[in-house]
Amino acid sequence: MLYLFLDIITTAAILFIVASGLLIIFGVMKIINFAHGVFLTIGGYSSLVVTHFDWNPWFSMPLAFVAGCLLGAIIERTVLRFLYHRPLDAILATWGLGIVLGQLIIIGFGREVQFAAGPVSGAMELFGDFYSKYRLLLIIFSMLVAGAMWLLLKGTRIGLQTRAVIMNEPLARGLGINSSRVRLITFSFGAGLACLAGAFITPLSSVDPNMGLPWLVSAFMLVLVSGNSFLALASACIVLGGAQVLASTYISPVIGGLTLAVLAALLLRIRPKGFAYD
């Protein structure tokens, strides 16, 4: 029972980390970043590079975040900034960019499945059961990500400007807020979070050019039921992630893989706001 409970909590933590970058981009830019899965993959390959050079595995996380921020800034300035008033085209652009980046990854690293070293290995004993140390560490990571997002949005000037743009962009521009700068910082930060999430999940799986695609579907559905709220996202991750773990444990992993998407779709049909409270 304890093992099942920890599986639910750690799965929710992983989903929160994966979906956070997508949520912040959706909140400000009102587009779903379909390149999110590729950014996760880039984070995974950042860990692989660290492993190949025999660097400290902890270095993969800041490396992935910085790489994601830089790549996100380049994409926003060269492509997305010209599509602000054409949201459908912007969504298609992120989809196309995902394909291009995916092919560049294949050219650079090949198609084969590879493995990266994790910063922590082994299991620890909890009340007579043994559980993965790294999965427990992911709970702390998710709390740090949530805390950093809260501090950024509530305690900084750029956070205040970002919240203003989320709530009413025309009014924010009328008050002198540079919404173009906010969009640049938001997309860069969201891309950085996506790559960081890729580095976080790499020790739990293999690294390959398509590793981010399954996570994209889950993150997409979680964002749809969360609106613009990180609190709603956390609730969605616990409830839907928990349902996924229970279905995988007591029914089958195949059904478990479908559970999150199906329940999210049903929730949107019953309550269009999903887990959002406003």
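Only a predicted model underlies this, so the values are computations on that prediction, with no experimental measurement involved.
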For the student: nearest non-hydrogen atoms of [X] and [Y], plus distance:
X: Pro209; Y: Gly110; value: CG-O, 3.5 Å
X: Ala64; Y: Ser46; value: CA-OG, 3.7 Å
X: Ala243; Y: Leu263; value: CB-CD1, 3.5 Å
X: Ser188; Y: Gly72; value: OG-C, 3.9 Å
X: Leu233; Y: Ser226; value: CA-OG, 3.2 Å
X: Thr94; Y: Ile91; value: OG1-O, 2.7 Å

(message) Checking Leu4 against Val245 for the side-chain contact (heavy atoms from CB on, under 4.5 Å) test, could you report, in this order, the C-alpha distance in whole Å, the side-chain angles of both residues, the deciding distance, and whether it holds?
(response) CA-CA 8 Å; Leu4 182 62; Val245 171; 3.8 Å; yes

As an exercise, state the distance from [atom1] of [X] to [atom2] of [Y], rounded to the nearest 0.5 Å.
X: Leu222; Y: Phe275; atom1: CG; atom2: CZ; answer: 9.0 Å
X: Ser235; Y: Phe230; atom1: OG; atom2: CZ; answer: 13.5 Å
X: Thr249; Y: Asp7; atom1: OG1; atom2: CG; answer: 6.5 Å
X: Leu138; Y: Leu15; atom1: CG; atom2: CG; answer: 11.0 Å
X: Arg86; Y: Leu80; atom1: CZ; atom2: CG; answer: 11.5 Å
X: Phe34; Y: Leu97; atom1: CZ; atom2: CG; answer: 13.0 Å

Quick one, [X] and [Y] - any side-chain contact, counting heavy atoms below 4.5 Å?
X: Trp215; Y: His36; result: no
X: Val225; Y: Leu240; result: yes
X: Met61; Y: Pro119; result: yes
X: Leu40; Y: Cys195; result: no
X: Thr51; Y: Phe115; result: no
X: Phe39; Y: Ile75; result: yes
X: Asn33; Y: Phe187; result: yes
X: Trp150; Y: Leu231; result: no

(request) Check each of Leu104, Val49, Asp208 against Phe109 using the side chain to side chain contact (heavy atoms under 4.5 Å, CB included) test, and report the only one that passes. (result)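 Single side chain to side chain contact (heavy atoms under 4.5 Å, CB included) partner of Phe109 among Leu104, Val49, Asp208: Val49.
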
Hphob cluster co-occupancy, [X] + [Y], side-chain heavy atoms under 4.5 angstrom:
X: Leu101; Y: Ile99; result: yes
X: Val120; Y: Leu48; result: yes
X: Val50; Y: Phe53; result: yes
X: Leu216; Y: Leu204; result: yes
X: Leu137; Y: Leu193; result: yes

Has [X] got more than 12 heavy atoms of other residues, nucleotides or ligands less than 6.0 Å from its [atom1]?
X: Trp58; atom1: CH2; result: yes
X: Asn56; atom1: CG; result: yes
X: Arg77; atom1: CZ; result: yes

(message) Tell me whether Thr11 contacts the main-chain N or O of Ile8 through its side chain, where contact means a donor paired with an acceptor under 3.5 Å.
(response) no

(request) With side-chain contact (heavy atoms from CB on, under 4.5 Å) as the test, would you mind laying out the steps for Ile14 and Arg135 before giving the verdict? (result) CA-CA 9 Å; Ile14 294 168; Arg135 287 185 69 95; 4.2 Å; yes

(request) Examine Phe200 together with Tyr134 and report whether their ring centres are nearer than 6.0 Å. (result)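 No.
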
(message) The test is side-chain contact (heavy atoms from CB on, under 4.5 Å); show your working for Ile255 and Tyr250 and say whether it passes.
(response) CA-CA 10 Å; Ile255 299 298; Tyr250 292 109; over 6 Å; no

(request) Name the orientation class of the two ring planes belonging to Phe59 and Trp55 (parallel below 30°, tilted from 30 to 60°, perpendicular beyond 60°). (result)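 Perpendicular, since the angle between the ring planes exceeds 60°.
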
(message) Evaluate Phe189 against Thr186 for side-chain contact (heavy atoms from CB on, under 4.5 Å), listing each step before the verdict.
(response) CA-CA 5 Å; Phe189 190 71; Thr186 298; 5.9 Å; no

